[in-house]
Number of protein chains: 2
Amino acid sequence: MELGDPVLAACGEPAFDPLVGEDCAGTLTIAEAAAATGVSTHTLRYYERVGLMRDPVARATSQHRRYSADDIRWVTFLTRLRMTGMPIREMARYARLASAGEGNEADRLALLTEHRRRVLERLDEVQRNLAAIDKKIAVYQERIDR
Amino acid sequence: MELGDPVLAACGEPAFDPLVGEDCAGTLTIAEAAAATGVSTHTLRYYERVGLMRDPVARATSQHRRYSADDIRWVTFLTRLRMTGMPIREMARYARLASAGEGNEADRLALLTEHRRRVLERLDEVQRNLAAIDKKIAVYQERIDR
DNA sequence: CTAGGACCTGGAGCGCACTCCAAGTCAAAG
DNA sequence: CTTTGACTTGGAGTGCGCTCCAGGTCCTAG
C-alpha cells in the first residue's frame, strides 16, 4: 500500500499530526479511513453515494478521497447507528438533518431518541427470547449429564 | 376464512380440544398456524421448504397442511432462534439434528450454547454502541434546553 | 352446475446492505 | 517511456429472508 497520495504525500502518513502542511493536514486516504473505522473501502464509497456523508468527502487533485478527522468521527458514529440496527434510509435522513446546519437539533434529537427507544425494545425482545432458549439448553444439559 | 378443511371440518376449530375426532385431533390449518405463531403462511411454507420442520408437516386428504401442537411449539422455538439472529442455515442444521432422533443431544446443546454465546456478545456490542448514542442524545438535549 | 375460498406447487421477485467488476486516471519509481 | 498500484466511476452481482404470482385442486354453498 502506498502512503498517501503522491501529490499530498507529505501529510499522508502520521494521521492527525498537527505539524504537517496546510492543505491536507491530518487527512486519510480511503484505505486509511477504512482501517480507522473498520468498514471496507467499498462501504465508504457506498455510504457517500447514498448520502450518508452530509457533504461529499474532500478530494485531492487526483480526485482521490481525503477523509478529515471529522469525517472519521462521523463514519464512526454511523457505524454505531448501523450496529444498533438503524436502516440506511434513516441514517440518510439523519445525515440530511446534520448537513442542514443549526436549527434542527430538535429533529435530530427526536430521531435519535426514537431510535434509542426501538433499540431498547429490541434488546428486551432478544433477552426474552434468549431466556426461552436458555431453558432449552438447561433441558439438554440435564438430559446429557443425568 | 373457512374453519378447517371440509374433510376434517369437525376438528378444525377448537384448537387442541381433546374431545374431537381421532385423525385430526387438535390440528391447525396453515392460516391458523400462522395466527398461532405470528409468522405468515408464506413463511410457514418457506420454512418447510428449506428444511426447518424436521419432518414434512402432515397433510389432510386434500393435501392441505395440518399443524400439530408439536409443530406449533417447534415453529415457536424457531421464531426465538430467528429473533435472536440465528441464520436460517444454522436453524436447518439444528432441525436436522432434531429430526435424527436421540443420540445427538450433545451436538444440539453445543449448537445452542454457541448461539447463546454469540447472542450475548452481540447484546453487549449493541449496548456499548447505544451508550455512545446516548451521549450524543445528551449533547443535543443540553444544546436545546440550555 | 357454478361460484367462492382456502389451500396447493414451482418458481419469480423484492428490499436491504453491501460487494465486486471493468475500464480508466494519476503520480512516482525503474 | 513504461510499469505499478492505489485510487476513480457507473453499474452489475450477491446473499439473505422472505414475499408474491400463476395456475391448479378440492370441497361446500347457492
Side-chain angles (χ1 to χ4, degrees), chain A residues 1-13 24 27-35 37-53 56-67 75 78-93 95, chain B residues 1-13 24 27-35 37-53 56-67 75 78-93 95:
Chain A
M1 192 224 282
E2 282 186 19
L3 305 179
D5 214 42
V7 167
L8 307 171
C11 60
E13 201 21 4
C24 50
T27 65
L28 273 62
T29 66
I30 194 167
E32 290 163 345
T37 59
V39 313
S40 71
T41 59
H42 294 302
T43 300
L44 285 174
R45 291 193 199 96
Y46 167 69
Y47 278 8
E48 186 174 346
R49 235 193 310 176
V50 298
L52 296 189
M53 292 306 289
V57 174
R59 307 296 162 119
T61 57
S62 59
Q63 290 300 102
H64 288 195
R65 289 173 178 79
R66 287 294 169 267
Y67 289 82
V75 173
L78 288 182
T79 65
R80 297 197 192 289
L81 295 178
R82 273 303 295 134
M83 301 198 82
T84 51
M86 184 183 287
I88 298 287
R89 269 178 195 291
E90 195 170 351
M91 288 164 59
R93 207 163 79 74
Chain B
M1 191 225 282
E2 281 184 23
L3 305 180
D5 214 43
V7 167
L8 308 172
C11 62
E13 200 23 4
C24 50
T27 65
L28 272 62
T29 67
I30 194 168
E32 290 163 345
T37 59
V39 313
S40 72
T41 58
H42 294 303
T43 300
L44 284 174
R45 290 193 200 97
Y46 167 69
Y47 278 8
E48 187 174 345
R49 235 192 311 176
V50 297
L52 296 190
M53 292 305 289
V57 174
R59 306 297 163 120
T61 57
S62 60
Q63 289 300 104
H64 289 195
R65 289 172 179 80
R66 289 292 170 267
Y67 289 83
V75 173
L78 288 181
T79 65
R80 299 198 192 288
L81 295 178
R82 273 302 297 137
M83 302 199 81
T84 51
M86 184 182 287
I88 298 287
R89 267 179 197 292
E90 195 170 351
M91 287 164 58
R93 209 163 77 74

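Lettering follows sequence order; numbering is per chain, from 1.
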[X] and [Y]: which non-hydrogen atoms are nearest, and at how many Å?
{"X": "A:Ala34", "Y": "A:Ser40", "result": "CB-C, 4.1 Å"}
{"X": "A:Leu44", "Y": "A:Ile30", "result": "CD1-O, 3.6 Å"}
{"X": "A:Ala95", "Y": "A:Gly51", "result": "CB-O, 3.5 Å"}

Between [N] ([atom2]) and [X] ([atom1]): distance, integer Å:
{"X": "A:Glu48", "N": "C:dA17", "atom1": "CD", "atom2": "C1'", "result": "17 Å"}
{"X": "A:Glu32", "N": "D:dA6", "atom1": "CD", "atom2": "P", "result": "12 Å"}
{"X": "B:Leu28", "N": "C:dC7", "atom1": "CG", "atom2": "P", "result": "11 Å"}
{"X": "A:Gln63", "N": "C:dA27", "atom1": "CD", "atom2": "C1'", "result": "14 Å"}
{"X": "A:Glu90", "N": "C:dC16", "atom1": "CD", "atom2": "P", "result": "12 Å"}
{"X": "B:Met91", "N": "D:dC16", "atom1": "CE", "atom2": "P", "result": "14 Å"}
{"X": "B:Met86", "N": "D:dG17", "atom1": "CE", "atom2": "P", "result": "11 Å"}
{"X": "A:Tyr46", "N": "C:dC18", "atom1": "OH", "atom2": "P", "result": "6 Å"}

Give a yes/no on whether any side-chain N or O of B:Arg49 is located under 4.0 angstrom from OP1 or OP2 of D:dC18.
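It does not, given that no N or O in the side chain of B:Arg49 lies less than 4.0 Å from OP1 or OP2 of D:dC18.
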With a 4.0 Å cutoff (strictly under), does any side-chain N or O of B:Thr43 reach OP1 or OP2 of D:dG17?
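Looking at the OP1 and OP2 atoms of D:dG17, neither is under 4.0 Å from any side-chain N or O of B:Thr43.
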Which value, rounded to the nearest 0.5 Å, describes the distance between [X] atom [atom1] and [Y] atom [atom2]?
{"X": "B:Leu81", "Y": "B:Leu52", "atom1": "CG", "atom2": "CG", "answer": "9.5 Å"}
{"X": "A:Tyr67", "Y": "A:Thr37", "atom1": "OH", "atom2": "OG1", "answer": "8.0 Å"}
{"X": "A:Leu78", "Y": "A:Thr43", "atom1": "CG", "atom2": "OG1", "answer": "11.5 Å"}
{"X": "A:Arg65", "Y": "A:Thr41", "atom1": "CZ", "atom2": "OG1", "answer": "9.5 Å"}

Side chain of [X] only, heavy atoms from C-beta on: which candidate in [options] is closest?
{"X": "B:Ile30", "options": "C:dC8, D:dC18, D:dG11", "result": "C:dC8"}
{"X": "A:Arg59", "options": "C:dC8, D:dT9, C:dC20", "result": "D:dT9"}
{"X": "A:Tyr47", "options": "D:dC18, C:dC18, C:dC7", "result": "C:dC18"}
{"X": "A:Ser40", "options": "C:dC8, D:dT19, C:dT19", "result": "C:dT19"}
{"X": "A:Arg45", "options": "D:dC18, D:dT9, C:dC7", "result": "D:dT9"}

So if I take the C1' atoms of five pairs at each end of the helix from C:dC1-D:dG30 to C:dG30-D:dC1 and get each local axis, what angle do the two axes make, rounded to 10 degrees?
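Axis angle across the helix from C:dC1-D:dG30 to C:dG30-D:dC1, nearest 10°: 30°.
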Between the protein and nucleotides 13-15 of chain C, list the N/O to N/O atom pairs that are separated by less than 3.5 angstrom.
none

Which atom pairs link the protein and nucleotides 21-25 of chain D when you take only N or O atoms and keep those under 3.5 Å?
none

Would you sort out whether A:Arg89 and A:Val50 count as a side chain to side chain contact (heavy atoms under 4.5 Å, CB included), showing the intermediate values?
CA-CA 9 Å; A:Arg89 269 178 195 291; A:Val50 298; over 6 Å; no
So A:Arg65, base contact, sugar-phosphate only, or nothing? Heavy-atom distance under 4.0 Å.
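If one applies the 4.0 Å heavy-atom cut-off, A:Arg65 turns out to touch the sugar-phosphate alone, with no base involved.
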Answer yes or no: is there a donor N or O on one side and an acceptor on the other, between the side chain of A:Glu32 and the main chain of A:Thr29, under 3.5 Å?
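Side chain of A:Glu32 to backbone of A:Thr29: a pair is present.
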Are the side chain of A:Arg59 and the backbone of A:Val57 linked by a donor-acceptor contact shorter than 3.5 Å?
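Judged by distance alone, yes, a pair lies under 3.5 Å.
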